[in-house]
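Here is the structure we will look at, set down as structure tokens.
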Protein chains: 2
Amino acid sequence: MVQYPQIDRTFAALADPTRRDVLERLGRGPATITELAEPYGISLTGMKKHVRVLEDAELVTTEKVGRARKCDLGPRGLEDIESWMTTYRRMLDGRLDRFGELLDRTKGTRDDK
Amino acid sequence: MVQYPQIDRTFAALADPTRRDVLERLGRGPATITELAEPYGISLTGMKKHVRVLEDAELVTTEKVGRARKCDLGPRGLEDIESWMTTYRRMLDGRLDRFGELLDRTKGTRDDK
């Protein structure tokens, strides 16, 4: 079995609505931890934890600017999980195609009778 | 903040290489817990736990057949996370477009000088 620690971290980082919201927020431009926490009424510590998970997945970068910590989208995007999903989707489509061919062959056999 | 428990469960279910492998395996056809566990050399209990996570995410269904538990792909696919990712990607593309327009305008300003 091949291990994909990075893709695991990406999927896990996205498994939370606040973290997905943070990505969407940062998609509109950089923000500090305080600015990110504000709309949720959660503590700075709580938001820092979410940002740390996104940072570990390399989806977000942070930089200390004065007393604040500025967050921005990281260099790594969702390419790895998009790639896995494309492969999986293609495999399922292949399965449906084979099922269709089987139905056609069954129909052909019945028509021969 | 809108809560998406189902999409959270889908992302979390995919955050493990064994569970992604199980989905790919079931994409080729139904299998029992024993058949799923075999390639990994993990216990039946371990595989049951993975299958339960996939079942909670409605990605897999299971059915008791005699003494075995047969697993198959569930009714729910990856549509919810594909949909979220499309929206996110579109938002990022929009951001890049706006950045491009900004560069064009800056260039225009400089050209005017």
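All values reported here derive from a predicted model rather than from experimental measurement. Quick note: numbers below take in every heavy atom, side chains included, and nothing from hydrogens, waters or symmetry partners. Here is how names work: the chains are called A, B, and so on, in the same order as the sequence lines, proteins then strands, and each is numbered from 1.
For chain A, the nearby part of B/Leu92 is the side chain; its heavy atoms alone come within less than 4.5 Å. If you measure heavy-atom distances from A/Ile42 to chain B, you find no contacts under 4.5 Å at all.
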Step by step, work out the side-chain contact (heavy atoms from CB on, under 4.5 Å) result for A/Arg20 and B/Phe11.
CA-CA 11 Å; A/Arg20 291 195 301 277; B/Phe11 273 125; 3.8 Å; yes

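Among A/Thr10, A/Leu73, A/Thr87, the residue making the largest number of heavy-atom pairs under 4.5 Å with chain B is A/Leu73. With chain A as partner, the option from B/Gly27, B/Gly29, B/Ala13 having the largest number of non-hydrogen pairs under 4.5 angstrom is B/Gly27.
We find the CG-CD1 distance between A/Asp16 and B/Ile7 to be 11.5 Å, quoted to the nearest 0.5 Å. Residue B/Leu14 holds its CG atom at 7.5 Å from CE of A/Met85, rounded to the nearest 0.5 Å. If you take CH2 on A/Trp84 and CG on B/Leu23, they are separated by 5.0 Å, rounding to the nearest 0.5 Å.
Here the shortest heavy-atom pairing between A/Ala15 and B/Ala12 reads CB-N, 3.6 Å. Contact detail for B/Arg89 and A/Glu82: the closest heavy-atom pair is NH2-OE1, 2.9 Å.
When the side chains of ILVMFWY residues are joined at heavy-atom separations under 4.5 Å, either directly or via intervening members, A/Tyr40 and A/Val53 end up in two distinct hydrophobic clusters.
Atom CD of B/Glu24 has more than 12 neighbouring heavy atoms from other residues, nucleotides or ligands inside a 6.0 Å radius.
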